[in-house]
Structures are given as C-alpha cells and as structure tokens.
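For clarity, every value in this text was computed on a predicted model and none was experimentally measured. Whatever order the structure lists them in is the order used to number ligands and atoms, beginning at 1. The figures here come from the full heavy-atom set of this structure, side chains too, leaving out hydrogens, waters and symmetry mates.
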Amino acid sequence: MEKPLGIPNLSFDEPLIFELGSEGRTAITWPDDDISESDLSSSLPPGVIRDSIEDFPQVSQVELVRHFTRISQWNYGVDSGLYPLGSCTMKYNPKVNEDAARLEGFSYIHPLQPDQLSQGALTVLYELKRWLCAITGMDSATLQPAAGAHGELTGMMIIKAYFTEKGEKRTKIIIPDTAHGTNPSSVSMCGFNVIPVKSGRYGLLETADVARLMDEEVAAIMITNPNTLGIFECNIREISEIVHGSGGFVYCDGANLNALMGRVRFGDIGVDLVHMNLHKTFSTPHGGGGPGAGPLAVKQQLAPYLPVPVVEKNDGEYSFNYDLPKSIGKVRSFYGNFLICVRAYAYILAMGTEGLKRASTTAVVNANYIRAALKSHYHLPFETPCLHESVFTDKRQQKQGITTLDIAKRLIDYGFHPPTIYFPLVVHGALMIEPTETESKHSLDQFIAAMVWIAEEVEKNPHVLREAPGKSKITRVDEVTAARKPVLKWSRNLV
Ligand SMILES: *Cc1c(COP(=O)(O)O)cnc(C)c1O
C-alpha cells in the first residue's frame, strides 16, 4: 500500500505580528495633510483617550496580507480537505448559495418592514416551509428554531401545550440509548421525565421494549432516526402504532436528514413531529457555533400550537399570522435565522426532487463504501448495514495498547481531519465516520488508505501512534489541562 497523502502540514511556522516588520513600515501611505494638529485632550475627556501601544506592529501591506492569509490557512475546514465528523454532516456547501444569501434584497431587509413590501422574503419562507413539509411528509412547520436542539425544545413545548390544553397529565418521554444527547436535555428542560430504553442486538429499538414501557403517562417517544449508530430504526412504524394506541406522540430527531431526504417521509411512518437541521443537510456552512436553523414540522393536529408568527398565503398574498390562540408563543426573535433559510431555499431549488434523492443516496453509498473497505482492519460493533455514517471501534488496536484517540491523532499526520470519537456513548471507543455525498471516490480512497496505513502501523510500530500527531504545530496536549487552563495566546516558546 502506498503511503497516504491528505493535506498535511497546513500549519507552518508563523511569528506573531509583533515580531514582524520594523520601525516606519506602513500598510497605507496617507497623503500629506493640510490641517493643523490639535491636542485631543482639549476636545475629549481623558478616560477615552488611548495610551500609545507599546511595540505596535509596523508592517507593509503585503506583509500584513500574507500574515493573516497564512494564519487563516492554519484552520482545517471542508474547503481544505475531507472532514468526516459523524452525526454532523460536514458536507461541502455550494458557494452559489452564499451568494444568494448576500443578495441585498435579503441581507438588507429590515425585520419590521411591512408584509406588503416583503413579498419576496415571505415567498422564500412560505415555499421553504412547504418544501420541508413535502420532504418530511408533514402538514405544517415553523422555521423559527435557531438550531437542532432548539427545534427539539420547540417540539416538546408543543407536546406539553397540547396535553395541558386537553387536561391530560402526561409526564414521561421515552428515549432510546441511541438518541442524540440533546434529546434528553430538551425533554428535561420542558419538565418531562426521561424514560430510557436500551437498543437491541442489532443497534435497533425493539417494538416489545417500547410496548412494555408504554402507558397513559407517556407523552411521547423521541427517536433519532437514523440513530446515532447510523442505522435506520426500521421498527418505527409498529412502534408508532403502539405509542399512538396509548394516546402519545412520536417525535423524530431528523437532524441527519441527509441520509433520508427523497427516500423516506417521516409522516408516512407514523411520526407526528420532526425537526431538521438546515445547517447539516441544506447548505449552511457550520461549525464554530452557528448561526443555524432547526425547523420543526408537525402533523395537522399540532399545527395550532406552532410558534407565532406563521407565514401564510391568501389570494396570492403572503403575510405573517400572529393570531394563533393556542400558539406556544415565540421561540426566537422575529422569524428565526432568515438568511439560513435563504441558503436552504436556494439549495433545494437548485437540487430539485431528483437531486435531493441522489444526494442522500450517494451519502449512504459513500458511508457503506468506507465501511466495507475498513471492516477487515477495524472492528465493527454492529453488522447491520449503515446509512450516512459508519461506527467502528478500537477493539482490535487495543491489543497493542492503541486507542481511538491515538488513531484520530495519527490521521492529522496524514492530512485528514479526525472523525467523531467516543460518540455514540453506547459503543466503547467509537470512531464515527460520515463522509457525506460531496466526496469523490478518489478522496474516499485517500482517506481509506490513511486508515489502513494506520492500522498497519499499529501492528508494526505502535509507538508512533502514541506520540501522534508529530507533524502539526501543536502535538499531543494534555486535554484536561487545555480545557481547564487554556493558554489563549500562542507563543513560539510553547512549541
Ligand atoms: C446535530 C444533532 C443535533 C443537535 O443539533 P444542533 O443544531 O447542534 O443543536 C440533534 N440531534 C442529532 C441527531 C444531531 O445530529
């Protein structure tokens, strides 16, 4: 096998800007001024006048540009190479959707501009809502939640409002151990109790286990589908029947819709509420904390409880309707993260029905390609074929004392961003890889080559893994100390 080559050594040595330049250099040369100098202290209070900065860097324009360009290149993003985080869909997003979001009509619109003068923006919101309903098989939706977890919270608030109005006291939400970690948090924040249920032998939720837990106190079941093992919960239809039979709702965490769009409609398999992550599936670059959007789609029965305002179309005119007496109120200022919605609208419009279907199909094929190529080198905890992501473990490498962390760190030396590690928690030493549909076979093969190379190193030369990464600016850090006592100012002395 040839030595793999990703995008290594992106971080070259870079001095601090204070160490660059010399006295008198300047990035801009101003014309001589013809105004006489005056003393600032005669016109400003002393508290607002800045002292001169010691050693203020003096650099030429090109030095300035190169310095910041080089620093920007220390960052590893999907524009630099494959970014295989699991459960996060770090796919490449077409740049044209960024252009759409920057169109002045969208980016400069004022949120209080009257409906009659905002017909274009309202069309985007209305059409996007309808398309998301069509994709998920639901009846109505809100675009207000600012993130996936926020969509979950909104869904739980709606369920609570529904039962409160009906005068039913339901306090429990069933959550499988393969659900995303945000699910139990959202449930607790709404004052419900979490009833955990273990997944079965194949990494799937078993119908009988749900039936055993179901009673009149259960408000809903909250299922992540595909679950955090990257497996489709195929018993969901029977489970829905059982839950509905006792008057409960089925909530689906559809954050990873990238595996299902155009293939499965949640509304067809008994789901009553589902949130999506526009920043995962529908073309918003993400990472670094947002902004994002986690729209929530619901069945007709729950539509009256959606946050206000809802966008409507009457006689060809679009408008916001604030008059929903049963609404849970607002969950976000104004209408949510509007420009994220514009990106999603542009993406869906460009992809079309067939394009979306092809994207999810390719995402699943790519994940299974990696799964098949690596399964003779890394242990697979479940034999079930995966959807958009595949979970391996370090079970084999542990015989040499090598862990998931060592493998992830070694990938950096071969120029790849490590995948998600130690998640999901139900798998010991998990390595969770989601290549997404935007990677070519060539780049998948390069990643596979790096993983295979590392597996061979574990056998022949395990100590290099314990010291990895060896080629990055910062090598192995004490992660606990790094988190508790972060040193935020980089200095050469640290390296
Ligand atoms: C990412 C994710 C979430 C949380 O989404 P945020 O936008 O980060 O709040 C919830 N559930 C699943 C399955 C996810 O993958």
Side-chain angles (χ1 to χ4, degrees), residues 78 83-91 93 132 136 142-157 173 175-190 194 199 203-205 220-233 236 250-261 264 266 271 273-297 331-332 336-337 339-341 343-344 360 363-364 367 386-391 419-427 430 432-436:
V78 75
Y83 206 121
L85 288 194
S87 188
C88 258
T89 310
M90 301 297 282
K91 66 188 190 183
N93 297 300
L132 295 178
T136 52
T142 174
L143 305 173
Q144 249 181 62
H150 198 192
E152 295 168 22
L153 183 70
T154 308
M156 288 300 121
M157 287 166 72
I173 307 275
I175 303 189
D177 59 1
T178 49
H180 195 264
T182 46
N183 292 188
S185 313
S186 305
V187 162
S188 305
M189 280 187 73
C190 268
V194 175
S199 48
L204 289 171
L205 189 54
I221 187 166
M222 198 172 189
I223 304 176
T224 299
N225 202 8
N227 68 25
T228 54
L229 295 167
I231 303 173
F232 185 73
E233 292 286 2
I236 190 164
V250 177
Y251 184 101
C252 186
D253 178 337
N256 294 312
L257 201 61
N258 213 51
L260 300 180
M261 56 181 174
V264 175
F266 290 112
V271 173
L273 312 86
V274 55
H275 82 264
M276 294 142 266
N277 280 24
L278 298 189
H279 47 289
K280 287 181 183 168
T281 313
F282 297 101
S283 191
T284 304
H286 75 296
L296 175 80
V331 295
R332 183 78 167 79
N337 284 331
L339 293 177
I340 304 302
C341 296
R343 288 171 171 90
S360 55
V364 172
C386 64
L387 288 188
H388 61 305
E389 63 198 1
S390 179
V391 179
T420 296
I421 56 173
Y422 300 109
F423 182 85
L425 303 177
V426 284
V427 172
M432 188 194 211
I433 301 167
E434 178 178 357
T436 80

Item to check | Minimum-distance protein heavy atom relative to atom 9 (O) of ligand 1 | outcome: Ala149 N, 2.8 Å
Next on the checklist: Looking at every heavy atom in both Thr154 and Pro145, which two are closest together, and how far apart are they?
Outcome noted: OG1-CG, 3.6 Å
Item to check | Heteroatom distance test (Ala147, ligand 1): nitrogen or oxygen, under 3.5 angstrom | outcome: no
Item to check | From CA spacing to verdict: side chain to side chain donor-acceptor pair (under 3.5 Å), Ser87, Glu434 | outcome: CA-CA 7 Å; Ser87 188; Glu434 178 178 357; over 6 Å; no
Item to check | N or O contact, His279 vs ligand 1, cut-off under 3.5 Å | outcome: yes
Checklist entry - What do you reckon, does Ser87 have a nitrogen or oxygen under 3.5 Å from a nitrogen or oxygen of ligand 1? => result yes
Checklist entry - Using heavy atoms and a threshold below 4.0 Å, how should the contact between Thr228 and ligand 1 be classified: side chain, backbone, both, or neither? => result neither
Checklist entry - Within a strict 4.5 Å, meaning less than it, do heavy atoms of the Lys280 and Asn258 side chains meet? => result no
Next on the checklist: Suppose I only count heavy atoms of Asn256 and a 4.0 Å limit; which atoms of ligand 1 are within that range?
Outcome noted: 13 (C), 15 (O)
Checklist outcome for this item: protein heavy-atom neighbour closest to atom 11 (N) of ligand 1 works out as Asp253 OD2, 2.5 Å
Checklist entry - Taking the minimum heavy-atom distance to atom 15 (O) of ligand 1, which of Glu389, Lys280, Glu434 ranks first? => result Lys280
Checklist entry - Does any N or O in the side chain of Thr420 come within less than 3.5 Å of the main-chain N or O of Leu85, such that one atom is a donor and the other an acceptor? => result no
Item to check | Any N or O of Ala255 closer than 3.5 Å to N or O of ligand 1 | outcome: no
Item to check | Side-chain touch Glu152/Asp253, heavy atoms, less than 4.5 angstrom | outcome: yes
Checklist entry - Do you know the tightest heavy-atom contact between Ala259 and Val364? => result O-CG2, 3.8 Å
Checklist entry - Where does His150 meet ligand 1, judged by heavy-atom distances below 4.0 Å: at the side chain, the backbone, both, or neither? => result neither
Checklist outcome for this item: The closest protein heavy-atom partner of atom 6 (P) of ligand 1 is Gly148 N, 3.4 Å
Checklist entry - ligand 1 and Thr224, any nitrogen or oxygen pair closer than 3.5 angstrom? => result no
Checklist entry - Can you tell me if Thr284 uses its side chain to pair, donor with acceptor, with the backbone of Gly292 under 3.5 Å? => result no
Checklist entry - How far is atom 3 (C) of ligand 1 from its nearest protein heavy atom, and which residue and atom is that? => result His180 CE1, 3.4 Å
Checklist entry - Counting from 1, what ligand 1 atoms have a heavy atom of Glu152 closer than 4.0 Å? => result 10 (C), 11 (N)
Next on the checklist: Side chains of Thr178 and Glu233, heavy atoms from C-beta outward: is any pair under 4.5 Å?
Outcome noted: yes
Item to check | For atom 5 (O) of ligand 1, the protein heavy atom that lies nearest, with its residue and separation | outcome: Asn277 ND2, 3.0 Å
Item to check | Plane angle bin for Tyr251 and His275 - parallel if under 30°, tilted between 30 and 60°, otherwise perpendicular | outcome: tilted
Checklist entry - Hey, are the side chains of Ser199 and Asn227 touching, using non-hydrogen atoms and a 4.5 Å cut-off? => result no
